[in-house]
Number of protein chains: 2
Amino acid sequence: MHHNVYICRMENECKICPFSSKASEKLCECSYDELNENHAKVNFIKGNSILKQGNLSSNVIFLRTGLAKIHLSGPSHEQIVRLVKAPTYLGLPTTFGNKINQYSVTTLSDVEVCYIDINVFQKLLKSNEDFSYEIILELCNSELESFRRCANRTQKQTRGNLADVLLEFANHIFESETFTLPISQSEIGKLIDTSRESVSRLLSEFDKDGLIKMNGKQIEITNKKSLELISQNG
Amino acid sequence: MHHNVYICRMENECKICPFSSKASEKLCECSYDELNENHAKVNFIKGNSILKQGNLSSNVIFLRTGLAKIHLSGPSHEQIVRLVKAPTYLGLPTTFGNKINQYSVTTLSDVEVCYIDINVFQKLLKSNEDFSYEIILELCNSELESFRRCANRTQKQTRGNLADVLLEFANHIFESETFTLPISQSEIGKLIDTSRESVSRLLSEFDKDGLIKMNGKQIEITNKKSLELISQNG
DNA sequence: AATATTTTGTGATATGCATCACAATGTATA
DNA sequence: TATACATTGTGATGCATATCACAAAATATT
């Protein structure tokens, strides 16, 4: 696997970062200086590990551009918790909740990330209440989403969960009815707790039934209404 | 169903509250005054709703004593997300993440709770960085636990998840090998995503195999090692 | 371009668990 | 104390989906 990583520091980079979060809008001039001098911008190509379960966590990560998966090793096999799209912070829970990373993050496209030293991030939190407050909001929403997702995973059957994944790609990740799957069928299986064989069979079924057009990893959603129905009744 | 609710305000109550959290240790004198004048202490008996999915959320809740369940209505039926034991904050995610409660909290024993107005709590967060920071830590850990629990629910089979529930009661909730189940078999089913019939059959099996002694809702764990094995290989 | 590796398609078979059905017991309520 | 309601036990049956097996296709590596 190829690596393509570089690190640089730029004047004012954080302040003018076009991908900055709602939280970082709350930062003042001096906080930005602090950030500028204590972060590392890194580029990864598709398939690289940004954060690895079991390693010591020493950085908060801001995903500037690109797509990644959050995954962890479950009691019997790997599980993909969710897919995340820039811009977003990554690894807040794992960095603050535990000295050792409790999950991994791996890129699904070429990405740009900023590594922010945990001590610097901590200092920001402690010195800026508005920033802290926005982070708290993000964490709260993230946990609510975890609850919802878990209920779906456990209660819907495979057909419904697969429909959801396709709709998530179309509606939120690519915002287009046509897209190229950024993960393999085996990975889709790990995302919806099923076997790769089932994913394959169901994708063929969706294709045959005219819900999607599939050509390799190229997908076109041709009947969103029906997919939504399947999502509900799965 | 009987109700037993009273509200009172006491001098210095929050500061001397023996159940206070690590987060509230960070509060200063004036913050405590603020809290004292803006919270309502309420007692509930078993089976009451502290917080209801779909209602407007206007209070953060601190569970002083007792046991409760966090639950929500999933795509096909009710799911119990987890059981929570005092002392703990409740409904942080649902209160800050969304104007409308995304989950319910119901008591499983007689409990004491404090309702803290959301605006007061917000003010505390914004005026006390250490308090905010502790809340952030709690939220991070909570999300990590959500991830772990979801992986267990989806990957372990029923036997393993049931063993986990029994071990959780013994190890964390009651801290004793002997306890009275605070929930019905049907609720255990909702906690581990299975039917009440399966729960019944498996509990009988555990009893027959000498892992537990069961007499109505009275449980004694007689072979913890085996339960732990089942938990792992489920 | 040739070879190795990963990904996908599809049949056959096995199985864990849901669901239905109904009786028995336990618990609340009038 | 009697009656209604909720909980539990246990058999019979069906189904969604895992698993195994193997071939074909696509992608990566030399």
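Residue numbers start from 1 in every chain, and the chains themselves are labelled A, B, ... in the order their sequence lines are given, proteins ahead of strands.
In the model, B/Ser146 has a side-chain atom that pairs as donor or acceptor with a side-chain atom of B/Arg82 under 3.5 Å.
Note on A/Ser204: a side-chain N or O is less than 4.0 Å away from OP1 or OP2 of C/dT10. Taking 4.0 angstrom as the limit, A/Gln185 places a side-chain polar atom (N or O) nearer than this to OP1 or OP2 of C/dG9. Note on A/Ser195: every side-chain N or O is 4.0 Å or more away from OP1 and OP2 of D/dT19. Between C/dA18 and B/Thr194, a contact under 4.0 Å exists linking OP1 or OP2 to a side-chain N or O. The shortest distance between the side-chain N/O atoms of B/Ser198 and the OP1/OP2 oxygens of C/dA18 is below 4.0 Å.
Listed for the A/Asn59 side chain is no donor-acceptor partner under 3.5 Å among the backbone atoms of A/Tyr115. Put simply, the side chain of A/Thr154 never gets that close to the backbone of B/Asp193: no donor and acceptor are under 3.5 Å apart. B/Arg196 places no side-chain N or O within donor-acceptor distance of the main-chain N or O of B/Lys190, the cut-off being under 3.5 Å.
Atom CD in A/Gln155 sits about 14 Å away from atom P in D/dT17, given to the nearest Å. To the nearest angstrom, P of C/dG16 lies 18 Å from CD of B/Glu197. As a whole-Å value, the separation of B/Glu205 CD from C/dG16 C1' is 12 Å. The distance from atom NZ of B/Lys156 to atom P of C/dG16 is 17 Å, rounded to the nearest whole Å. Regarding B/Met214, its CE atom lies at a distance of 14 Å from the C1' atom of C/dT25, rounded to whole Å. Atom NE2 of A/His77 and atom P of D/dA18 are 9 Å apart (whole Å). Per the geometry, CZ belonging to A/Arg159 stands 7 Å off P belonging to D/dT17, to the nearest Å. If you take CD1 of B/Ile188 and P of D/dG9, they are 10 Å apart, rounded to a whole angstrom.
Listed candidates were D/dT19, D/dT8, D/dT10. Nearest to the side chain of A/Arg201 is D/dT19. For A/Gln157, the listed nucleotide lying nearest its side chain is D/dT17; candidates were D/dT17, C/dC17, C/dT10.
Among the protein residues, A/Ser184 comes within range of the sugar-phosphate backbone only, with heavy atoms under 4.0 Å from sugar or phosphate atoms but none that close to a base.
Where B/Leu202 and B/Arg196 meet DNA chain C, the nucleotide closest to each residue was compared, and B/Leu202 sits on the side nearer the 5' end. Mapping B/Lys217 and A/Asp193 onto DNA chain D via the closest heavy atom, the residue that lands nearer the 5' end is B/Lys217.
Taking the ring centroids of B/Phe62 and B/Phe121, they lie at or beyond the 6.0 Å cut-off.
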